[in-house]
Amino acid sequence: MEILLISFEGDKPGPAIGAALQNLIEEKTITLLDLIFVSLSADGDPRIVEIDDLPDRSQLPDIELGELGLAGLDDVEELASELPPGASAAVLVVELAWARHFASVLAASGGAVLHQERIPAPVVNAVLEAARWRLLVSSAHSTAEQ
């Protein structure tokens with residue numbers, strides 16, 4: 001299970017975000033367990049809205065949640081404190097479907113996950129860019145020697 005804090009422009013996610021989330025659910029990539037919207041006023045006061053309390057669910061019409069309440073108020077308030085004043089975000093609690101199956105097979109086989117680490121996308125992108133740059137320089141160097 002993972003808790004994600006995602007930001008978006010404006011006070012609600014656009015239709016593309018809702019569609020992408022729906023696709024992940026339909027493809028059984030994730031199970032969406034809980035979804036809460038948060039915003040931080042210009043004064044730094046958090047506003048927390050559960051999905052069932054949204055005044056307009058038109059961008060998330062078919063999303064059903066597995067376990068409301070997994071993201072507790074304390075968790076959501078702590079995550080909201082990471083937002084800059086005036087920003088909006090959503091807290092998603094998701095279960096990675098592949099991980100659920102893999103974990104059950106691993107446990108049945110007597111195995112266990114000994115370490116797990118998520119590498120942030122900016123770090124991955126920087127490493128890939130550096131590797132591309134090294135390859136480009138190496139290729140240019142090889143061509144120049146010929």
Could you go through Val49 and Val38, starting from their C-alpha distance and side-chain angles, then the distance that decides it, and tell me whether this counts as side chain to side chain contact (heavy atoms under 4.5 Å, CB included)?
CA-CA 6 Å; Val49 180; Val38 297; over 6 Å; no

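In this view, Glu129 and Arg132 satisfy the side-chain hydrogen bond (donor to acceptor under 3.5 Å, both in side chains) rule, not counting sequence neighbours. Residues satisfying the side chain to side chain contact (heavy atoms under 4.5 Å, CB included) criterion with Glu27, sequence neighbours excluded, are Asn23, Thr29.
Smallest separation of non-hydrogen atoms from Leu35 and Ala90: CD1-CB, 4.0 Å. Considering every non-hydrogen atom in both Phe8 and Ala89, the closest pair reads CE2-C, 3.4 Å. Across all their heavy atoms, Ser39 and Ser88 have their closest contact at CB-OG, 3.7 Å.
In this structure, the side chain of Ser41 engages the main chain of Asp43 through a donor-acceptor pair within 3.5 Å.
The 12-atom threshold is not exceeded at CD1 of Ile119, counting heavy atoms of other residues, nucleotides or ligands nearer than 6.0 Å.
Leu106 has its side chain within reach of Val113: a pair of non-hydrogen atoms, C-beta onward, lies under 4.5 Å apart. Looking only at side-chain heavy atoms (C-beta outward), Ile30 and Ile25 come within less than 4.5 Å of each other.
Annotation: the span from Ile36 atom CD1 to Leu92 atom CG amounts to 9.5 Å, rounded to 0.5 Å. To the nearest 0.5 Å, atom CD of residue Glu50 and atom CZ of residue Phe37 are 10.5 Å apart.
The hydrophobic clustering, which links ILVMFWY residues whose side-chain heavy atoms are closer than 4.5 Å, places Val123 and Leu128 together.
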Taking only distance into account, with no hydrogens and no angle test, what donor-acceptor pairs under 3.5 Å do side-chain atoms of residues 94-105 form with protein atoms, sequence neighbours excluded?
from   : atom 1 : to     : atom 2 : distance (Å)
Glu95  : OE1    : Arg100 : NE     : 3.0
Glu95  : OE1    : Arg100 : NH2    : 3.4
Glu95  : OE2    : Arg100 : NE     : 3.2
Arg100 : NH2    : Thr31  : OG1    : 3.0
Ser104 : OG     : His101 : O      : 2.8

Only distances under 3.5 Å count here; give the side-chain donor-acceptor pairs of residues 72-85 to other protein atoms, sequence neighbours excluded, each with its distance to 0.1 Å.
from  : atom 1 : to    : atom 2 : distance (Å)
Asp75 : OD2    : Gly72 : N      : 3.3
Ser81 : OG     : Glu78 : O      : 2.5

Under 3.5 Å, sequence neighbours excluded: what are the donor-acceptor pairs made by side chains of residues 14-21?
none

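For residues 103-126, every residue pair satisfying the salt bridge (Lys or Arg N to Asp or Glu O under 4.0 Å) rule, not counting sequence neighbours, is listed here: Glu2-Arg118.
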